[in-house]
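Some notes on the structure that comes next.
Hydrogens, waters and symmetry mates are skipped; everything else that's a heavy atom, side chains included, is used.
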Number of protein chains: 2
Amino acid sequence: MLSEKRRSRLLDHVRRKGSVRVEDLAEVLGVSVSTVRRDLDEMDERGLLRRVHGGAVAITDQPVPVETSMAERAVHNLDEKGRIAARAVDLIRPGSTVLLTGGSTTAQMVSHLPSVPDITVVTNSVAIAHAIGTTSATVQVLVLGGLLRNAELSLLGHLTTQALADVHIDLAFFSAYGLDPAYGIMGAHLAEAETDRNMITAAKHLVVLADHTKFSQRSAVRVAPVARIGTLVTDDAAPAEAVAALRAADITVIQA
Amino acid sequence: MLSEKRRSRLLDHVRRKGSVRVEDLAEVLGVSVSTVRRDLDEMDERGLLRRVHGGAVAITDQPVPVETSMAERAVHNLDEKGRIAARAVDLIRPGSTVLLTGGSTTAQMVSHLPSVPDITVVTNSVAIAHAIGTTSATVQVLVLGGLLRNAELSLLGHLTTQALADVHIDLAFFSAYGLDPAYGIMGAHLAEAETDRNMITAAKHLVVLADHTKFSQRSAVRVAPVARIGTLVTDDAAPAEAVAALRAADITVIQA
DNA sequence: CTCGTTTTGCGAGATTTTGATCATGAATGT
DNA sequence: ACATTCATGATCAAAATCTCGCAAAACGAG
């Protein structure tokens with residue numbers, strides 16, 4: 001197994017279980033305890049988990065970015081993700097049904113949504129549903145069911161896929177973990193990939209949100225080929241050659 | 001078990017019960033009393049609890065916010081609901097799957113859940129899913145899909161019902177809006193009633209949570225007859241004749 | 001293929017954690 | 001006041017885990 005894949009699976013285990021023992025990980029992954037220790041130590045360095053005697057425990061940081069008020073946004077400079085999110089919301093037509101998949105950039109769209117009349121938001125993100133429910137009374141929200149991934153607050157699995165079948169979606173917004181003009185959209189975790197693929201497939205038109213840092217992110221998991229992208233919303237700092245390549249592939253690129 | 005996890009569970013027990021004996025903790029956690037003492041001493045050192053002869057008690061250090069009389073009432077009620085919630089969590093057996101329906105009292109159960117090992121929580125409440133996701137990495141959460149009722153942050157409708165069909169539920173906890181020993185469980189809104197009925201039907205055993213104020217609440221919507229109730233958790237101030245009537249109807253009544 | 005680098009597995013010695021024992025101090029009943 | 005019971009802290013040995021160095025294996029470039 002690729003060492004990168006092993007680390008990804010290791011992190012998955014930690015996040016799923018909350019805590020794991022070195023011995024168990026070694027057995028599950030089929031490697032020695034030394035290797036597991038080295039992996040855990042490195043990921044502790046990178047802040048992905050916390051190393052403790054005998055194993056490791058998951059980090060439980062605050063994953064919910066508290067939205068700043070609309071007024072404040074109008075006065076201050078919008079940050080990169082905020083600008084991208086605002087431009088993305090411009091693409092929504094009144095009366096349509098849109099899918100927001102879990103992710104930091106899509107979450108930024110929430111505060112802009114009330115400006116579009118009569119829309120329905122479908123989402124697999126508990127964070128997004130919670131944010132809309134507590135801030136807006138006009139936006140209709142439909143939550144896809146599924147297993148909660150604690151770290152990301154997004155929903156996965158069979159129930160999510162099944163719920164998708166009963167919903168008509170005009171426009172889907174997807175927060176890319178990484179974006180390669182040749183390879184396609186990258187996902188962060190294998191566990192989420194299948195659900196992401198299903199959500200992407202369910203939409204007529206796919207809008208991908210990716211700030212310029214996403215172009216240099218590499219990952220082993222591809223959730224969709226480039227051809228599936230309808231529109232890309234990114235920022236001015238996106239690599240010019242990547243933008244050109246995507247436009248050549250008949251993709252509308254918007255730079256906020 | 002990882003020592004880190006053991007400490008976390010230990011702290012949960014202390015906070016849940018308010019106070020706890022060293023002997024009991026040793027038995028529950030499956031370690032020696034020496035280990036428990038060391039753990040308790042360290043957590044006393046860190047200010048997470050207070051060590052006393054024979055065991056430990058929870059810290060009840062209230063940061064004093066400016067309170068309107070309204071908020072003050074809410075806090076007082078919260079304490080009552082908190083006790084009911086704690087007793088309700090005691091009913092959960094390790095390894096089981098429980099349903100938490102949306103409601104203020106069921107939401108109080110969240111902070112106590114990590115003390116029960118290896119449970120799966122099924123819920124139609126975005127607030128509960130959000131709360132568990134941001135505070136605990138050990139509790140498995142499955143969210144039923146559906147339309148978001150913005151005011152309550154609970155999910156309703158066809159998708160919710162459909163998702164229920166794919167889940168096996170050992171124990172369901174329901175926050176009653178009103179409770180009449182003759183008529184049964186009352187719901188607040190007609191829109192929620194059907195989904196509530198379906199959730200109640202899906203469970204083998206139904207636990208109803210209702211503080212004493214719920215006995216005088218009147219509503220036109222009945223979501224379930226009294227006979228459907230398996231266990232009622234309420235407080236000491238519940239009307240004696242109502243408690244007697246329910247016990248006569250073969251319902252287990254717990255007064256926190 | 002050969003060389004240099006990286007990754008991995010192994011084992012010795014150091015460190016941490018744990019459970020048991022016991023003298024001492026604290027709570028309780030008479 | 002006294003005796004009795006129980007909890008405590010200290011100490012020690014055993015077990016589990018970690019660290020570190022080293023060598024074998026895997027990998028990539030030339």
Grab the [atom1]-[atom2] distance between [X] and [N] for me, whole Å please.
X: A:Asp41; N: D:dT17; atom1: CG; atom2: P; answer: 15 Å
X: A:Leu25; N: C:dG9; atom1: CG; atom2: C1'; answer: 17 Å
X: B:Arg37; N: C:dG25; atom1: CZ; atom2: P; answer: 16 Å
X: B:His53; N: C:dG25; atom1: NE2; atom2: P; answer: 13 Å
X: A:Arg21; N: C:dT17; atom1: CZ; atom2: P; answer: 14 Å
X: A:Asp39; N: C:dT7; atom1: CG; atom2: P; answer: 10 Å
X: B:Arg7; N: C:dT18; atom1: CZ; atom2: P; answer: 6 Å
X: B:Glu23; N: C:dG19; atom1: CD; atom2: P; answer: 14 Å

**Q.** Taking every non-hydrogen atom, the tightest pair across A:Pro181 and A:Leu246
**A.** CA-CD2, 4.2 Å

Q. Should A:Glu42 and A:Arg7 count as an ion pair when the cut-off is N to O under 4.0 Å?
A. yes

Q | Test side chain to side chain contact (heavy atoms under 4.5 Å, CB included) applied to A:Ile185 and A:Leu232, A:Asp196, A:Val208, the passing residue | A | A:Val208

**Q.** Base of C:dG19 paired with side chain of B:Arg38 (donor-acceptor, under 3.5 Å)
**A.** yes

Q) Would B:Thr97 and B:His168 count as having a side-chain donor-acceptor pair, cut-off 3.5 Å? A) no

(Q) Is it the case that the side chains of A:His205 and A:Thr231 hold a donor-acceptor pair, with the cut-off being a distance below 3.5 Å and no angle test? (A) yes

Q. Is the distance from OP1 or OP2 of C:dT17 to the nearest side-chain N or O of B:Ser3 less than 4.0 Å?
A. no

Q. Does a side-chain N or O from A:Arg6 land closer than 4.0 Å to OP1 or OP2 of C:dT7, or not?
A. no

Which part of the nucleic acid, if any, lies within contact of [X], taking any heavy atom under 4.0 Å across all strands shown: a base, the sugar-phosphate backbone alone, or nothing?
X: B:Ser34; answer: base
X: B:Val22; answer: sugar-phosphate
X: B:Val31; answer: sugar-phosphate
X: A:Val36; answer: nothing

